[in-house]
2 protein chains.
Amino acid sequence: MENSTHRKKRILDKGMEINKIYHQDCIAFMKEISDNSIDLIFADPPYNLSKSNFKIKFSQMTSKGTDLTTNKGEWDFFTSQEEYKNFSEKWIKQSFRILKNTGSIWVAGTYHNIYLMGFMLNKIGFTLLNEILWHKTDATPNISCSRFVADHENFIWARKGNHHTFNYDEMKKLNGGTQMRSIWPKGKTSGGKKVHPTQKPEWLLERIIIATSNEGEIVFDPFMGSGTTAVVAKKLNRNYLGCEIVPEYFRIATKRLDIVRPKSIQLCIIG
Amino acid sequence: MENSTHRKKRILDKGMEINKIYHQDCIAFMKEISDNSIDLIFADPPYNLSKSNFKIKFSQMTSKGTDLTTNKGEWDFFTSQEEYKNFSEKWIKQSFRILKNTGSIWVAGTYHNIYLMGFMLNKIGFTLLNEILWHKTDATPNISCSRFVADHENFIWARKGNHHTFNYDEMKKLNGGTQMRSIWPKGKTSGGKKVHPTQKPEWLLERIIIATSNEGEIVFDPFMGSGTTAVVAKKLNRNYLGCEIVPEYFRIATKRLDIVRPKSIQLCIIG
DNA sequence: GCAAGGCATGAATCTACAT
DNA sequence: GATGTAGATTCATGCCTTG
């Protein structure tokens, strides 16, 4: 086993600090991260849902909140399916490289993009461990009445090497004494009002981080959004690292992180 | 709209009868079906789960029942991931060709294969409509205690052209007056004791066939197994067509079909 | 008839060791 | 090392039997 000091040194090889978030494009950022240095990645990539050519302004999107359009903002525009595929392959390849051999990755999606995500994860060398479903009991009804109401979101959990972390007992305890299953009903903590259109609730990240990482390990989020992953990681005494390209979300994430205190104090930032 | 006589004629172009099942390999069989002739396809393909090189005999498999191995039978063996990919591409391409422009397809799977299925459906030109999840409350616990209990199976619903059938009101009625959602809890009719290791319950096929086809249309299953799709289609007054490569399953399917009576009598077999 | 208890069932996966 | 394989391990649910 690699000791903690050694791991942090390697992260610093390229001058990067942990327990800090960065205002940067994810692929450029990931290229700066050393090989085999991250324990857990949580990625909630753009879903490539925004089909319209009318690019609504970021300010509109944040002020409107839920507006029943599929335009999620400029960050969710790709000019073609091919471009989206290339982009996905790039960041998943980087994820594979920066993960430790014992590390694992979570990728969020819906039926619009999750099959491509699973296909790419497999192609790049990950071993899929589970598909988890967030059962959204408060899903938007289907307006056209021509399909079923999509009331779930998918999460693929996959590992890089031949071993992975799974805190079985903690999950069993959280699930009232029986094994935690793949369909997750609504949890309790939400983390407050949504400020990002695809923001995940805190209970979901809590469960993911507790299940598949240990205290003191490094959790990285390449698509931070409003920073839920980093906030929860910090609360749960993990080291965090993240990047976000949209200035407004980056500011929100910074603010949210400022007011979070870990369960116990740990020296994390090196340098 | 194409009339019924015309449609049946086209099926017969190559000498094939509907409301009959065939003991044949799916790809060879599908090649004999005319273009644009099928209304609905339900496909429960091999999941490529049988990893061991020790190929247990079919007789062993059926007589033993549960033996805690992942060997589902010779039909689930592929020598490589590449071979499985090629096989999948072939039957999905055939499915696209034989479906009417208004037709749709359902593909079953688990996280082992469902991402490849979704990827291929998209690649071949299908438009995905929904991902439906069968929530299995009696799922096998995780023996190794190293993952979450997989308590769901996935079904992708996709259409060939720009229109599809969705019997909204019947689904709403079946769901107690509210819109049918994407996570399906256990239904009532089972169809009796399982004779195929991956047999689907009848309520599931009932829901699928009622939702996405109309009476008198043609429902095709390229991986019939013990024949649940054909049995339910017949009960629901649809025309059925199916093939199965394993002799024992084909015999079982034939027997099951013999004792089924449609809701009302319809002249189906031509010739 | 109902409750309690036993038993059969279930679309695997990990570790250790041999080649 | 890499690849392959034998052997060990698990527990929630539903149904059936018994009291």
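Numbers restart at 1 for each chain; the letters A, B, ... are given by sequence-line order, proteins then strands.
Atom C1' of C:dG1 sits at a distance of 13 Å from the matching atom of D:dG19, rounded to the whole Å. Here, D:dT10 and C:dA8 have their C1' atoms 15 Å apart, quoted to the whole Å.
Of the listed nucleotides (D:dA12, D:dT9, D:dC11), D:dC11 has the atom at the smallest distance from the side chain of B:Cys145. Of the listed nucleotides (D:dC11, C:dA11, C:dC14), D:dC11 has the atom at the smallest distance from the side chain of B:Pro141. Closest contact between the side chain of B:Ser146 and the listed nucleotides D:dT13, D:dC11, C:dT13 involves C:dT13. Here the nucleotide nearest the side chain of A:Gln179, chosen from C:dT15, D:dC11, C:dA11, is D:dC11. Checking D:dT13, D:dC11, C:dT13 against the side-chain heavy atoms of B:Tyr111 singles out C:dT13 as nearest. Side-chain proximity of B:Lys200 to C:dA11, D:dT9, C:dT15: nearest is C:dA11. Closest to the B:His112 side chain, of the nucleotides C:dA11, D:dT9, C:dT13, is C:dT13.
The phosphate of C:dT13 (OP1 or OP2) has no side-chain N or O of A:His164 nearer than 4.0 angstrom. Contact between the side-chain N/O atoms of B:Lys136 and the OP1/OP2 oxygens of D:dT13 is not found at any separation under 4.0 Å. Residue A:Tyr168 has no polar side-chain atom (N or O) positioned under 4.0 Å from OP1 or OP2 of D:dT9. When the side-chain nitrogen and oxygen atoms of B:His196 are compared with OP1 and OP2 of C:dA11, none of them lie within a distance under 4.0 Å. For B:Thr137, a side-chain nitrogen or oxygen approaches OP1 or OP2 of D:dG14 to under 4.0 Å.
No side-chain donor-acceptor contact under 3.5 Å links B:Asn237 to the backbone of B:Lys234. A side-chain donor-acceptor contact under 3.5 Å links B:Glu244 to the backbone of B:Gly225. The backbone N or O of A:Arg181 lies less than 3.5 Å from no partner atom in the side chain of B:Asp151, so there is not a single donor-acceptor pair. Judged purely by atom type and a 3.5 angstrom limit, A:Arg159 has no side-chain atom pairing as donor or acceptor with the backbone of A:Ser104.
Geometric assessment of A:Lys93 against the ring of A:Trp91 yields a negative cation-pi assignment under the 6.0 Å and 45° thresholds. A cation-pi arrangement is not found for B:Lys160 relative to B:Phe126, the charged atom failing to lie both closer than 6.0 Å to the ring centre and inside a 45° cone about the ring normal.
Atoms NE2 (B:His135) and P (D:dA12) sit 14 Å apart, rounded to a whole Å. We find that CZ of A:Phe166 is positioned 20 Å from P of D:dT9, with the value rounded to whole Å. Look at CH2 on B:Trp134: it is 9 Å from C1' on C:dA11, rounded to the nearest Å. Counting to the nearest Å, the P atom of C:dC14 and the CG atom of A:Leu128 are 12 Å from each other. For the pair A:Asn162 CG and C:dC17 P, the interatomic distance rounds to 17 Å; values are reported in whole Å. Across the protein-nucleic acid pair, A:Arg159 atom CZ and C:dA12 atom C1' stand 12 Å apart, rounded to whole Å. The distance from atom NZ of A:Lys173 to atom P of D:dC11 is 16 Å, rounded to the nearest whole Å. One atom, CG of B:Asp151, and another, P of C:dA12, lie 12 Å apart when rounded to the nearest Å.
Counting distance only, with no hydrogens placed and no angle test, the side-chain atoms of A:Asn175 and the base atoms of D:dA12 include no donor-acceptor pair under 3.5 Å.
Heavy-atom nearest nucleotides on DNA chain C were determined for B:Asp138 and for B:Arg147, and the one closer to the 5' end corresponds to B:Asp138.
C:dC2 is paired with D:dG19 under the Watson-Crick or G-U wobble criterion, all donor-acceptor distances under 3.5 Å. Across the strands present, D:dT9 finds its partner in C:dA12; the criterion is a Watson-Crick or G-U wobble pair with both atom distances under 3.5 angstrom.
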